[in-house]
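Okay, structure first, notes after.
Quick caveat, the model's predicted, so the values are computed rather than measured. In listed order, ligands and their atoms are each counted from 1.
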Amino acid sequence: MNKYAHLHQVLAQRQQQSLYRRARITDGPQQPIMQVNGRPMLAFCSNDYLGLANHPEVIKAFQQAANQYGVGSGAAHLVNGHSRLHQQLEEALAEFTKRERALLFSTGYMANLGLVAALAERPDTIYQDRLNHASLLDAARLSSAKRVRYPHKDTQQLAKRLEAQSTGQKVIVTDGVFSMDGDTAPVKTLASLAKQHEAWLIVDDAHGLGFLGETGAGLLEAEHLAQDDAILMGTLGKALGTAGAFVAASADLIEFLIQTARPYIYTTAQPPAIAAASLASLKLVQTENGRREHLKELIQVFRQGAEQLGLALMPSTTPIQPIIIGENAKTLAMSQQLEQLGILITAIRPPTVPANTARLRITLSAAHSQEQVEFLLAALEQVIQSQTPIP
Ligand SMILES: *Cc1c(COP(=O)(O)O)cnc(C)c1O
């Protein structure tokens, strides 16, 4: 087949299955009411859970650091791209998460690739929850280790699989808060299984960091898991409102990653100004508990309202509150109807989620007001009532 004909065939198939994706163009900052494709929209799909992406202190820190350090970091961390700001951020993250050390990565995707592939290679085995984030699944593919998946949160099945294996190291990997479902992993049980089997446990807390736990240090703080119980991977582009990611763990493990994690070694360090912005937002996370409190109230308001509308909610106590629709076409149609009402919620479809579980992934932010959440509920009611038959 002609090489372009092949591309066109794949694209046409995606269209037919309502799986085609396209980016919207935004103007201005990340905030509840955003300019999207030239039009103001009330967005419920951002991961800026605490509303820090556009916070004046964070912007100021970024600007000041850019004046002092310029823009590009110029090189990888192990060459001459590791600025004092990067160092300070790593120290602050280690202190925040109560771990001996933290190591910065340019993105969460890369942190997962680096961490998982460094810890496991043939003849080791990687055990993953079926609903883990794509970057964790890809990380296992990058590694030469054996790959085992277990049903969502099914620790009994995991236990069986751990018992069946004997050669090499074992690495258990889980999302902390599942990114498309909003529920949390049974990390306490996972940690005790890990201990029992001499396995590493990696928790990707991209969506728990900043929100869960007494000081916002995430699911591991909320569940009182210590450094030896679990390796923490956290991202800075979500609740912290900036960009990048880190691994927090024992000094030995971090030293091991510095020497072996290829996505750490072979990439340009993030701009120092981003590290400065992250330092500023980390301070806000730690000092402004009110954001988390307000967000918890909004979650309550949303769940109560959605229940009254008869919507099927997920067992989620986090800002991720998806509504499962099922069919791709129907989910897309509902997302488009909401868009006409001025509300932006993306239709999440396979392969991001399993087949027949397409959903409206609603996310709430501390930057939303209660009135905005009520407006969302009214719009959802209207969309449900006017449900057009599927073409
Ligand atoms: C967003 C996300 C990542 C990737 O983080 P980036 O910094 O956006 O690359 C990794 N894991 C989970 C669970 C995520 O939701």
Among all protein heavy atoms, pick the one closest to [atom] and tell me residue, atom and distance.
| atom | result |
| --- | --- |
| atom 14 (C) of ligand 1 | Lys238 NZ, 2.8 Å |
| atom 7 (O) of ligand 1 | Gly108 N, 2.7 Å |
| atom 15 (O) of ligand 1 | His207 NE2, 2.5 Å |
| atom 4 (C) of ligand 1 | Tyr109 N, 3.5 Å |

Check: Under 3.5 Å, is there a donor-acceptor pair between the side chain of Gln270 and the main chain of Ser106?
Finding: yes

Check: Do any heavy atoms of Ala245 fall under 4.0 Å from ligand 1?
Finding: no

Check: Side chain, backbone, both or neither: which part of Leu136 has a heavy atom under 4.0 Å from ligand 1?
Finding: neither

Next item on the list: Answer yes when Asp229 and Lys188 have at least one side-chain N-carboxylate O distance shorter than 4.0 Å, and no when they do not.
Entry: no

Margin query: Do the side chains of Asp183 and Lys153 get close enough for a salt bridge, i.e. N-O under 4.0 angstrom?
Written below: yes

Notebook entry, point to check: Considering Thr235, Asp204, Leu131, which one's heavy-atom position lies nearest to atom 12 (C) of ligand 1?
Noted result: Asp204

Notebook entry, point to check: So, Ser18 and Asn328: side-chain donor and acceptor under 3.5 Å apart, yes or no?
Noted result: no

Checklist line | side chain to side chain contact (heavy atoms under 4.5 Å, CB included) partner of Asp205, chosen from Thr174, Leu219, Thr97 | finding: Leu219

